[in-house]
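As the structure is a prediction and not an experimental result, all values here were calculated from the model. Chain identifiers are assigned alphabetically (A, B, ...) following the order of the sequence lines, protein sequences preceding nucleic acid strands; residue numbering begins at 1 within each chain.
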Number of protein chains: 2
Amino acid sequence: MNLPQTAEYALRALAVIVTRGDTVSAETIAGEASVPQPYLQKVLRRLVAAGILDARKGPGGGFSLAKPPKKIRLIDVLNATDTSLPDACAFGWGKCDAKHPCPLHGTWSELKDSIHGWASRTTLEDVRQYADARLTPLRRRAP
Amino acid sequence: MNLPQTAEYALRALAVIVTRGDTVSAETIAGEASVPQPYLQKVLRRLVAAGILDARKGPGGGFSLAKPPKKIRLIDVLNATDTSLPDACAFGWGKCDAKHPCPLHGTWSELKDSIHGWASRTTLEDVRQYADARLTPLRRRAP
DNA sequence: CTAAAAGTGGACATAGATGTCCAGTATTCG
DNA sequence: CGAATACTGGACATCTATGTCCACTTTTAG
C-alpha cells in the first residue's frame, strides 16, 4: 500500500522544481531529491510526455513546469507515472456499488474516497505554499 | 497505490468467514471470494501464523476467527500479510517531522494519516455489520 | 562553426510479488 | 484401524516494477 517508487520520485522531482520556481537540471534534481539519476531521467521523460514538465536541452537547460502549479493536481502526476489509485471492487465483483454492494464495499469505499479526494484536491501549489511557509521561516519574520 | 493482492485476498477471505460466523473450508472461501485456491491457502496460513485465524484439519475442518471480530483491526490483517502502510518520508529524508519537514511533508502526512486512521479504526466487526445490514435486508423488514 | 552541456530512446539486468504444485501430516468417522 | 478430508511446508515458475547503460540528438556559447 505504498506509492510506487516511480510516482514518489516524480513527486520529489516536482517538489524540487516548484520550490525553485525555474529551470532545474536533472543532475541537480537527482542530488536534491536523492533519486538515482539514470532512473530519474526516465521518470522526468514521462512527466514531459504528459505535459507536466517542459524540457530544454543544451547548456543551461533542464526541466520546468509546463503550467502554473495550481493546475497540476497530484492525480495528474500519478496518472503520468501509470500509478492507478484503488478503484476496482476489493471483493472482485464486476458490478459493485451502493445498490449492489459486496461485503467489503462500505469499508473499502471509505479508503478509496479518501485517497481519491487527496489526489484530486491537492496541487503543486499546495506543495509550494507549504514549502514556502515551513522551509524558509526567516522570510516571514516580522520586521 | 493499491493493496497488494495478498492483502486483498486476506480481506476477502476474512469477509467471507466473518459473515458466515463459523468454520469455512479453504475450498469454499476460494469459491466465494474468487481467489485461486492454491494461493489462498498460502495466504490463510499467514493469517493462522499471525493468530487471526484458527485452522482445523480433517473432515468438517477449515478456518475460523481466532478472536472476536471487534478485536481484529484491518491493520493487523495488513501486518500479517507483510503489507506496509506509507510510513517513511516521501522525500527520502531520514529525519522528517513537523519540526524539520521536507517539502512534501504536509501533503504526504495528510494521506498517511488518513490511511493509518482507516486501518487502525476499522475492524472485522465493521465489515460484519455492514454486510449484515446491506446484504440481507429482508431480515430487517418491519413485520 | 564547433565543442560541451543536457535531454532522448531503447535495450538489458534484477528482485520481489504473485501464483502453481506436490508430497506430507493431522483429524474425523465408520 | 483405515480411508477420506483438509490443512502444512516448501520448491519452483513467471511477470512486473525498478534500475542501469549507452549511443544519439539538440542547443548554447565562444
Side-chain angles (χ1 to χ4, degrees), chain A residues 1-13 16-17 22-66 78-85 88 92, chain B residues 1-13 16-17 20 22-66 78-84 88 92:
Chain A
M1 183 92 241
N2 267 298
L3 284 181
Q5 277 296 341
T6 304
E8 190 180 301
Y9 289 166
L11 292 179
R12 289 190 197 180
V16 168
I17 295 170
D22 68 345
T23 299
V24 193
S25 74
E27 189 181 1
T28 302
I29 298 172
E32 297 214 352
S34 320
V35 177
Q37 188 178 343
Y39 194 63
L40 178 64
Q41 302 251 19
K42 213 171 182 177
V43 176
L44 292 171
R45 269 185 256 158
R46 282 161 166 261
L47 297 177
V48 171
I52 291 173
L53 289 179
D54 279 339
R56 277 186 36 220
K57 295 183 176 178
F63 299 86
S64 56
L65 297 186
L78 299 181
N79 282 334
T81 52
D82 287 337
T83 302
S84 63
L85 296 185
Chain B
M1 184 89 238
N2 268 299
L3 284 181
Q5 276 296 342
T6 304
E8 190 181 301
Y9 288 167
L11 291 179
R12 290 191 197 179
V16 169
I17 295 170
R20 291 212 167 206
D22 68 346
T23 300
V24 194
S25 74
E27 190 181 0
T28 301
I29 299 172
E32 297 214 354
S34 322
V35 177
Q37 188 179 343
Y39 195 63
L40 177 65
Q41 302 251 19
K42 215 171 182 177
V43 177
L44 292 172
R45 270 185 253 158
R46 281 160 166 262
L47 297 178
V48 171
I52 291 174
L53 289 179
D54 281 337
R56 277 184 36 220
K57 294 183 177 179
F63 298 86
S64 56
L65 297 186
L78 299 180
N79 282 335
T81 53
D82 288 336
T83 301
S84 62

Could you tell me how far apart [X] ([atom1]) and [N] ([atom2]) are, to the nearest whole angstrom?
| X | N | atom1 | atom2 | answer |
| --- | --- | --- | --- | --- |
| B:R46 | D:dT8 | CZ | P | 14 Å |
| A:Q41 | D:dT18 | CD | C1' | 16 Å |
| B:I29 | D:dA6 | CD1 | C1' | 12 Å |
| A:R56 | D:dT27 | CZ | P | 11 Å |
| A:E8 | D:dT18 | CD | C1' | 13 Å |
| A:R12 | D:dT18 | CZ | C1' | 14 Å |

| task | Would you mind telling me which residue lines up with the more 5' stretch of DNA chain C, B:R45 or A:K42, judged by nearest nucleotide? | result | A:K42
| Between A:R12 and A:E32, is there a salt bridge with N-O shorter than 4.0 Å? | no
| message | Using a 4.0 Å cut-off to any heavy atom of chain A, which nucleotides of DNA chain C are the first and last in contact, reading 5' to 3'? | response |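 Footprint of chain A along DNA chain C, 5' to 3': C:dA5 to C:dA11.
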| About how many Å separate CD of B:E8 and CG of B:L78, when rounded to the nearest 0.5 Å? |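 Reported value, rounded in 0.5 Å steps: 11.5 Å.
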| task | Check whether more than 12 heavy atoms from other residues, nucleotides or ligands sit under 6.0 Å from atom CD of A:Q37, and answer yes or no. | result | yes
| Does A:Y39 put a side-chain nitrogen or oxygen below 4.0 Å from OP1 or OP2 of D:dC21? |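 No, outside the criterion.
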